[in-house]
K.L.:
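Have a look at this one.
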Amino acid sequence: MTVALMWEAKAAPGRGAELLAWVRARALAPAPHRRETLTAPGGRVLVMTWWDASYDAELPEIPEPADELVARAVHRWRFETAD
């Protein structure tokens, strides 16, 4: 089974590049099968990771950044393959 974890944060004003650099520096151990980092206007950063695991498996996740780096709490979602 494949599980996808999504991590999304909105940077504090003017801190989008810093948030992106921070999240790119966060290594996950073990490493996921696949990892993608995406950005959107307004300083939003999205990280998607794919794992060969069950839906309720304990998996490493990107932590919360420092409060001054983000405009709000991080949003997290977990999905599993639907086929």
Side-chain angles (χ1 to χ4, degrees):
M1 172 177 293
T2 299
V3 175
L5 303 183
M6 294 175 62
W7 180 100
E8 187 265 340
K10 180 174 174 51
R15 313 264 326 243
E18 189 177 349
L19 177 61
L20 179 59
W22 180 90
V23 80
R24 284 182 166 162
R26 302 290 76 99
L28 297 172
H33 173 69
R34 180 176 163 198
R35 177 176 172 161
E36 286 191 43
T37 303
L38 301 100
T39 61
R44 289 180 292 147
V45 177
L46 173 70
V47 179
M48 296 179 60
T49 58
W50 286 264
W51 306 84
D52 292 324
S54 63
Y55 183 82
D56 57 353
E58 192 157 327
L59 299 168
E61 293 194 44
I62 298 168
E64 294 279 333
D67 288 343
E68 63 272 6
L69 196 55
V70 292
R72 58 163 168 73
V74 168
H75 292 166
R76 300 170 191 272
W77 299 274
R78 184 177 284 228
F79 296 90
E80 65 185 342
T81 304
D83 47 17

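Source: prediction; values computed, not measured.
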K.L.:
Please check if the number of heavy atoms outside H75 that lie under 6.0 Å from its NE2 is greater than 12.
P.N.:
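Result for NE2/H75: enclosed.
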
K.L.:
Between P60 and P30, which heavy-atom pair has the shortest distance, and what is it?
P.N.:
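The answer is CG-O, 3.7 Å.
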
K.L.:
For the CG atom of D56 and the CD atom of E80, what is their distance to the nearest 0.5 Å?
P.N.:
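The distance works out to 9.0 Å.
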
K.L.:
Indicate the atoms forming the closest heavy-atom contact of S54 with V3, along with that distance.
P.N.:
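The answer is O-CG2, 3.3 Å.
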
K.L.:
Could you grab the distance from atom CG of D67 to atom CZ of R72, nearest 0.5 Å is fine?
P.N.:
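The CZ atom of R72 is 13.5 Å from CG of D67, to the nearest 0.5 Å.
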
K.L.:
More than 12 non-hydrogen atoms from neighbouring residues, nucleotides or ligands closer than 6.0 Å to CD on E36, yes or no?
P.N.:
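Enclosed.
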
K.L.:
Work out which heavy atom in W22 is nearest to a heavy atom in P63; give both atom names and the distance.
P.N.:
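In terms of heavy atoms, the two residues are closest at CH2-O, 3.4 Å.
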
K.L.:
Rounded to the nearest 0.5 Å, how far does CH2 of W77 lie from CH2 of W7?
P.N.:
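Here the rounded value is 11.0 Å.
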
K.L.:
Before giving the answer on side chain to side chain contact (heavy atoms under 4.5 Å, CB included), spell out for T2 and D52 the whole-Å C-alpha distance, their side-chain angles and the decisive distance to 0.1 Å.
P.N.:
CA-CA 5 Å; T2 299; D52 292 324; 4.0 Å; yes

K.L.:
Do V70 and L20 share a hydrophobic cluster, counting only Ile, Leu, Val, Met, Phe, Trp and Tyr and linking them when any side-chain heavy atoms are less than 4.5 Å apart?
P.N.:
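Hydrophobic grouping puts V70 with L20.
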
K.L.:
Looking at every heavy atom in both T37 and V23, which two are closest together, and how far apart are they?
P.N.:
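What the structure gives for the nearest pair is CG2-CG1, 4.2 Å.
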
K.L.:
Ignoring hydrogens and geometry, is there a side-chain-to-backbone donor-acceptor pair from R15 to E68 under 3.5 Å?
P.N.:
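At least one qualifying donor-acceptor pair exists.
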
K.L.:
What closest approach, in Å, do L59 and A53 show between heavy atoms, and which atom pair accounts for it?
P.N.:
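Closest pair (atom of L59, atom of A53, distance): CD2-CB, 4.1 Å.
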
K.L.:
Is there a side-chain contact between R76 and L5 (heavy atoms, below 4.5 Å)?
P.N.:
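When only atoms from C-beta onward are counted, L5 and R76 do not touch, as no gap falls below 4.5 Å.
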
K.L.:
Measuring from atom OG1 of T49 to atom CE of M6, what distance do you get when rounded to the nearest 0.5 angstrom?
P.N.:
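Reported value, rounded in 0.5 Å steps: 10.0 Å.
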
K.L.:
Would you say I62 ends up clustered with L69 if hydrophobic residues are merged whenever their side chains have heavy atoms under 4.5 Å apart, either directly or through other cluster members?
P.N.:
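Same hydrophobic cluster.
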
K.L.:
What's the spacing between W50 CH2 and T81 OG1 if we round to 0.5 Å?
P.N.:
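One finds 10.5 Å between CH2 of W50 and OG1 of T81.
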
K.L.:
Could you tell me which non-hydrogen atom of V74 sits nearest to which non-hydrogen atom of A9, and how far apart they are?
P.N.:
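Looking at all heavy atoms of both residues, the shortest contact is CG2-CB, 4.0 Å.
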
K.L.:
First locate atom CZ of R78, then atom CD of E61, and finally report the distance between them rounded to the nearest 0.5 Å.
P.N.:
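Separation between the atoms: 5.5 Å.
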
K.L.:
With hydrophobic residues grouped by side-chain heavy-atom distances under 4.5 Å, do M48 and L28 end up in a single group?
P.N.:
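No, it is not one cluster - the side chains of M48 and L28 are not joined through contacts under 4.5 Å.
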
